[in-house]
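Following: one structure in structure tokens, then a few remarks.
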Amino acid sequence: MSAVADLLFPDSCAGCGRLVRGGLCDRCYRSLPRLGMDVCARCGRPSEYGVFRCPDCYGRAVGFDCARQAVRYSSTVRTLIHRFKYLGSRSSTVALAQLVAQLVPDVRTTSDVVTWVAPGSDRIRRSGLDHGRRLATLAATETNLPVAPLLRRVRRTVPQMKLPPDERRKALRGAFEAEACRGLDVVVVDDVFTTGSTASEASRALKAAGAGSVTVLCAARSYAD
Ligand SMILES: [Zn+2]
Ligand SMILES: [Zn+2]
């Protein structure tokens with residue numbers, strides 16, 4: 001069954017609108033603003049020189065061991081994510097999964113299983129889709145890693161984009177629980193990394209359930225200069 005977006009945008013590139021197979025044409029895929037090697041070792045935020053802790057995560061207890069993102073958030077990425085998240089476009093999901101998969105070789109030797117951040121049940125009820133599961137499953141398939149639903153949301157959380165960072169962290173505390181994953185090195189896949197608060201809290205739950213390490217891989221990074 002075709003998803004809505006695949007009907008609305010049968011072959012249009014999320015970048016330039018030309019007819020293509022898949023979510024992006026080759027030219028727009030290649031011209032996405034990639035994040036290079038000079039990033040914060042912890043959260044992946046670009047910095048002029050690679051640093052151990054950037055201003056975003058210095059002095060802050062983050063739950064993951066390492067986070068990486070493939071490209072900087074751009075108008076093309078925004079369109080891709082919109083089609084993926086709200087229209088259920090399979091071709092856009094594939095394009096995002098390919099971006100995530102590019103990051104996996106860096107962490108592959110220490111990865112046992114791929115999982116995703118469980119959405120609120122309201123969200124699934126509204127859209128009928130667990131888009132995180134679709135993205136994680138495709139990214140895992142691209143990289144031959146197993147995928148498992150390790151996280152569940154145990155508490156409703158208010159949308160927190162407008163809260164200041166400290167409040168946001170407080171609002172998320174205890175929102176997740178994880179299946180037992182003793183000693184496993186877990187990769188959490190998501191579409192976009194903004195403040196990392198949700199990924200951090202989900203990682204904390206995985207660690208509490210025994211995860212040996214948690215790496216967060218996202219297609220895109222949103223940050224202010
Ligand atoms: Zn294009
Ligand atoms: Zn950082």
Side-chain angles (χ1 to χ4, degrees), residues 5-84 87 89-100 102-103 106-107 110 117 160-161 164-166 168-169 172 187-204 206-207 213-225:
D6 294 329
L7 296 170
L8 287 176
F9 310 101
D11 290 301
S12 90
C13 167
C16 64
R18 285 191 306 181
L19 292 182
V20 284
R21 282 195 176 280
L24 281 175
C25 73
D26 280 350
R27 202 175 63 181
C28 290
Y29 187 77
R30 279 200 307 272
S31 64
L32 290 173
R34 315 245 158 204
L35 302 182
M37 301 297 284
D38 288 333
V39 295
C40 168
R42 190 70 175 232
C43 76
R45 188 192 207 285
S47 69
E48 204 166 326
Y49 314 99
V51 291
F52 181 62
R53 284 281 177 116
C54 72
D56 278 5
C57 56
Y58 188 79
R60 181 182 151 198
V62 287
F64 48 79
D65 297 282
C66 168
R68 290 290 181 273
Q69 309 86 33
V71 298
R72 183 172 184 166
Y73 197 76
S74 65
S75 59
T76 298
V77 174
R78 188 190 316 126
T79 303
L80 262 187
I81 288 178
H82 181 85
R83 291 179 181 182
F84 151 69
L87 302 173
S89 156
R90 184 174 166 79
S91 58
S92 300
T93 314
V94 170
L96 291 168
Q98 280 168 351
L99 288 174
V100 172
Q102 284 174 11
L103 298 165
D106 300 342
V107 299
T110 57
V117 176
Q160 336 116 39
M161 292 316 290
D166 275 357
R168 194 181 296 148
R169 281 195 279 279
L172 279 166
V187 174
V188 179
V189 165
D190 208 353
D191 53 349
V192 61
F193 187 105
T194 304
T195 65
S197 300
T198 306
S200 180
E201 203 51 42
S203 303
R204 211 163 272 142
L206 288 162
K207 286 285 183 80
S213 72
V214 180
T215 303
V216 177
L217 300 182
C218 298
R221 172 86 180 217
S222 167
Y223 63 96
D225 286 312

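Numbering starts at 1 and runs along the sequence shown. Worth knowing before you read on, the calculation uses all heavy atoms, side chains too, and leaves out hydrogens, waters and symmetry mates. Both ligands and their constituent atoms are indexed starting at 1 by order of listing. As the structure is a computational prediction, the values presented were derived from the model and not from experiment.
- Between R34 and Q102, the side chains place a donor N or O and an acceptor N or O closer than 3.5 Å (distance only, hydrogens not considered).
- Taking the side chain as every heavy atom from C-beta outward, F64 and V188 never approach each other to under 4.5 Å.
- In terms of modelled atom types and a separation under 3.5 Å, the side chain of R21 and the main chain of S91 share no donor-acceptor contact.
- Residues passing the salt bridge (Lys or Arg N to Asp or Glu O under 4.0 Å) test with D65 are K207, sequence neighbours excluded.
- Looking at R53 and S47, their side chains never bring a donor and an acceptor atom within 3.5 Å of each other.
- Here the side chains of L24 and L80 are in contact, with some heavy-atom distance below 4.5 Å.
- A salt bridge is defined here as a Lys NZ or Arg NE, NH1 or NH2 lying under 4.0 Å from an Asp or Glu carboxylate O, and R221 with D56 meets this definition.
- The side chain to side chain donor-acceptor pair (under 3.5 Å) search around R72 returns Y223, D225, not counting sequence neighbours.
- The number of protein N, O or S atoms lying under 2.8 Å from the Zn ion (ligand 2) is 4.
- Listed by chain and residue number, the protein N/O/S atoms under 2.8 Å of the Zn ion (ligand 1) are C13 SG, C16 SG, C25 SG, C28 SG, with waters left out.
- Judged by distance alone, the side chains of S197 and T195 do bring a donor and an acceptor atom under 3.5 Å apart.
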